[in-house]
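Here it is, the structure, as structure tokens.
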Number of protein chains: 2
Amino acid sequence: MGQKIKLSTIADALGVSTATVSLALRDSPLVADETRERIKHHAREIGYIYNRRAASLRTSRSGILGVVVHDIMNPFFAEILRSIETELDRSGQTFLLSNHYDDLEKQRSFIDTLLQLGADGVIMSPAIGTPAEDIAMAERNGLPAVLIARAVEGAEVPVFRGDDAYGTALATNHLISLGHRRIAMVGGTDQTSTGRHRYQGYLDAMTAAGLEVKPSWRIPGPRTKQAGFDAAGQFLTIEDRPTAVCCWNDLVAIGLMNGIARAGLVPGVDVAVTGYDDIEEAAIATPALTTVWNGQREVGRRAASALLDKLNGRPVRLSQELIKPELHVRQSSGVPIKTP
Amino acid sequence: MGQKIKLSTIADALGVSTATVSLALRDSPLVADETRERIKHHAREIGYIYNRRAASLRTSRSGILGVVVHDIMNPFFAEILRSIETELDRSGQTFLLSNHYDDLEKQRSFIDTLLQLGADGVIMSPAIGTPAEDIAMAERNGLPAVLIARAVEGAEVPVFRGDDAYGTALATNHLISLGHRRIAMVGGTDQTSTGRHRYQGYLDAMTAAGLEVKPSWRIPGPRTKQAGFDAAGQFLTIEDRPTAVCCWNDLVAIGLMNGIARAGLVPGVDVAVTGYDDIEEAAIATPALTTVWNGQREVGRRAASALLDKLNGRPVRLSQELIKPELHVRQSSGVPIKTP
DNA sequence: CTGAAAGCGCTTACAG
DNA sequence: CTGAAAGCGCTTACAG
């Protein structure tokens, strides 16, 4: 590898100071055009690699942003991440991704890593049970945060998310309008704000329509395709089985439909199903999934842009408007059924 | 935020030197037990945050490993990443993830970032067209690399991958043994070593069985669910249509099955389908997907462990044995069909 | 077992 | 427009 090439290597070779080299490489107008070009050309020539650790030690800006979510392999987060990526690519920041799998310790250890690396900010979908103090601690130590998807009681940071209660109410009302009276809700957990809101929206819609809601119609828990698939058995054996299911998200809906199909029934015909999120796969599922578009791209875009604002000292409003979900009707909710 | 807390803050408060504090916090046996405990306790008390940039500037070890793949949201890579994560969590390294989406410039910019951050190593599934020199350059600059999934001609680094040709031959022979004579291959690209090997395995099996292979039976390109879904139309209109399809991967297979179902045919009955990878979803698809297990976890585990070996100066063999794929038979390949 | 001092590779006032 | 020098917060020989 020979000698390590650094600013002073260039400075010595060209007979200028390291200050001049440093300024030239960052396109400072202080440096004469001809000097700058000479320096940049030579740097490229000898394969100089900028040492960001040294720079950031000096400037206390690392160019690193953290993003931590429950699970980046979940298409819902994947779509948010893609739009964060698009937004941040423009800003030249590097982003450090992590899953916390709803494990508070894993989340803490990631935040700790960010602090140690001097990260400039973090976008997080907080793990279940995240105390407001965890976020306050990060901010006190110079790590500004914005939240996505889930709120944290008492945290003084902006949250970007959709109107979950409104969304499940849309889906539930759609099923009601098709003539369904017995509607189940499968998946989600009351441990997250998202879970509570989505369940509430379903309840509100049922109540507003004067419909009964039996406890056995609620199957809490599932949030993945596999869990949705596994829940099919439990759903199919409910006494006086509901004719429709409002699912926590698209993954659960698709899994559940596969489980229903495996049991010999036809989803969308024998049982109406709705999802939530409108992930890309929803449109090509069998049957195509009726679902609630949740504005993932918009969530990511707004969160990234708010974080950049925050760390550039621009004001960011604490309370953010909810993104309005939209119902996307496809085949899985079926055709109107006859009312008795 | 008050004053920034650093090693010297602790040293001053306790009347010791920064050297002692530094050693104590890293559990050096050089420091007396009592001193160490006093220092650690005080550090915790006042909320000291270790500055990794400063440390790594001094030691030239950053504790950062890079992982770059085509698309982390692809379940195939997702499973590899999970096992890398598991392996690296133990080592206390932080990992920096990135997608290159087969864009060489994006990959270069990521490698550049790793170099600037002084990353300790990188695991990559190289973008299409990656020249061996890109990898050599990284290594020359102190960034050891190991490859996963795809090989790069001329690159002097270990590659961890499955035996792709053997795998598609397994799937193709399975279809042949069920009585199929006209078998299509859908998806994949000849631009990657993986693509070439998988196609070759299919060809070899067909040829060995004395079967004809028509050019129209090969639909190259699709690598995602959506693309598999879209390819259904093309497949279904092939003249003298094949009765079975060997798909590039599970995503394509699942998408294709959905497309076939949308057209009113029953996958697994009207058309036999096999996948590749055996991602989690394969088992719960409708119908359950016959596929080739590709050892993702094993690939991730071996690659991570080889990288750790490499950067700890332990020897790593350049040539690595291929992971042997296994056929997992489920419903999508259907029951034996009558031969004419 | 502990301390004083140099140095990792940058950037930033400050002088000229 | 350019240079000399200090300093970011650690770790590591070296001395005691």
For D:dT11 and B:Tyr50 - does any side-chain N or O of the residue sit under 4.0 Å from the phosphate oxygens OP1/OP2?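 Result: yes.
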
A:Gln116 CD to D:dC10 P: how many Å, rounded?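 Rounded to the whole Å, the gap is 10 Å.
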
How far does OG1 of A:Thr94 sit from CG of A:Asp120, to the nearest 0.5 angstrom?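 Nearest 0.5 Å value for the OG1-CG distance: 9.5 Å.
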
What is the nucleic acid contact for B:Ser60, judged by heavy atoms within less than 4.0 Å: base, sugar-phosphate only, or nothing?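 Counting heavy atoms under 4.0 Å across all strands, no contact is made by B:Ser60.
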
Does D:dA4 have its OP1 or OP2 closer than 4.0 Å to a side-chain nitrogen or oxygen of A:Ser17?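 Checking D:dA4 against A:Ser17, no side-chain N or O comes under 4.0 Å of OP1 or OP2.
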
Tell me the partner of C:dA4, counting only Watson-Crick (N1-N3 plus N6-O4 or O6-N4) or G-U wobble (N1-O2 and O6-N3) with both under 3.5 Å; none if nothing fits.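 The base-pairing partner of C:dA4, which may sit in any strand shown, does not exist here.
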
Distance in angstrom units between A:Ile49 CD1 and C:dC10 P, rounded: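 Value for this atom pair: 11 Å.
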
Tell me: CZ of B:Arg52 to C1' of D:dC10, nearest whole Å?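 Atom-to-atom, B:Arg52 to D:dC10, this comes out as 13 Å.
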
Does the side chain of A:Gln107 pick up a donor-acceptor pair with the side chain of A:Thr130 at under 3.5 Å?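 Yes, a side-chain donor-acceptor pair sits under 3.5 Å.
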
Do A:Ser305 and A:Arg301 have a side chain donor and acceptor closer than 3.5 Å?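 Their side chains do not contain a donor-acceptor pair, so the 3.5 Å distance test is not met.
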
Nearest-neighbour nucleotide for the A:Arg58 side chain, D:dG7, C:dC8, D:dT2 considered: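 The answer is D:dG7, which lies nearest to the side chain.
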
Among A:Asp102, A:Thr192, A:Asp71, exactly one meets side chain to side chain donor-acceptor pair (under 3.5 Å) together with A:Arg223. Which residue is that?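 Considering A:Asp102, A:Thr192, A:Asp71, a side chain to side chain donor-acceptor pair (under 3.5 Å) with A:Arg223 is found only for A:Asp102.
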
When you check the side-chain N and O atoms of A:Ser83 and A:Gln296, is any donor under 3.5 Å from an acceptor?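 No, because no side-chain N or O of A:Ser83 sits under 3.5 Å from a partner of the opposite role on A:Gln296.
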
With a 4.0 Å limit, can you tell me whether A:Ser22 has a side-chain N or O closer than that to the phosphate oxygens OP1/OP2 of C:dT11?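 Yes.
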
Taking the side chain of A:Thr20 as its heavy atoms from C-beta onward, which of D:dG3, C:dT2, C:dT11 lies nearest to it?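 Within the option list, the nearest is D:dG3.
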
Side chain of A:Thr59 only, heavy atoms from C-beta on: which candidate in D:dG9, C:dT2, C:dT12 is closest?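 For the A:Thr59 side chain, the nearest candidate turns out to be C:dT12.
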
Interatomic distance where CG belongs to A:Leu30 and P belongs to C:dA15 [whole Å]: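 Nearest whole value for this atom pair: 16 Å.
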
Just call it for A:Gly15: base, sugar-phosphate, or nothing, with non-hydrogen atoms closer than 4.0 Å on any strand.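 Here A:Gly15 touches the backbone only, sparing every base.
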
So if I take every side-chain heavy atom of B:Leu57 and compare against C:dT11, C:dC8, D:dC10, which nucleotide ends up nearest?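 When the side chain of B:Leu57 is considered, C:dC8 is the closest of C:dT11, C:dC8, D:dC10.
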
Would you mind reading off the distance between A:Leu23 atom CG and C:dC10 atom C1', rounded to a whole angstrom?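 A:Leu23 atom CG is separated from C:dC10 atom C1' by 12 Å.
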
Ignoring backbone atoms, test whether B:Arg26 places a side-chain nitrogen or oxygen under 4.0 Å from the OP1 or OP2 oxygen of D:dT12.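 So the side-chain polar atoms of B:Arg26 do come within 4.0 Å of the phosphate oxygens OP1 or OP2 of D:dT12, strictly under.
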
Side-chain N or O of B:Thr35 versus OP1/OP2 of C:dT2: is the shortest distance under 4.0 Å?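 Answer is yes, contact under 4.0 Å.
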
Protein-nucleotide distance (B:Ile39, atom CD1; C:dT2, atom P), rounded to Å: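 Atom-to-atom, B:Ile39 to C:dT2, this comes out as 8 Å.
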
Taking the nucleotide of DNA chain C with the nearest heavy atom to each, does B:Ala54 or B:Val31 sit closer to the 5' end?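 Closer to the 5' end of DNA chain C: B:Val31.
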
Between C:dC8 (P) and A:Leu7 (CG): distance, integer Å: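 In whole Å, C:dC8 P and A:Leu7 CG are 13 Å from each other.
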
Please classify the nucleic acid contact of A:Ala19 as base, sugar-phosphate, or nothing, using heavy-atom distances under 4.0 Å.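 Base contact.
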
Protein-nucleotide distance (A:Ile10, atom CD1; D:dT2, atom P), rounded to Å: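 To the nearest whole Å, that distance equals 15 Å.
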
Quick check on B:Glu133: does its CD atom have over 12 non-hydrogen neighbours (other residues, nucleotides or ligands) under 6.0 Å away?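 Result for CD/B:Glu133: enclosed.
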
Ignoring backbone atoms, test whether B:Tyr48 places a side-chain nitrogen or oxygen under 4.0 Å from the OP1 or OP2 oxygen of D:dG9.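 No, B:Tyr48 has no side-chain N/O under 4.0 Å of OP1/OP2 on D:dG9.
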
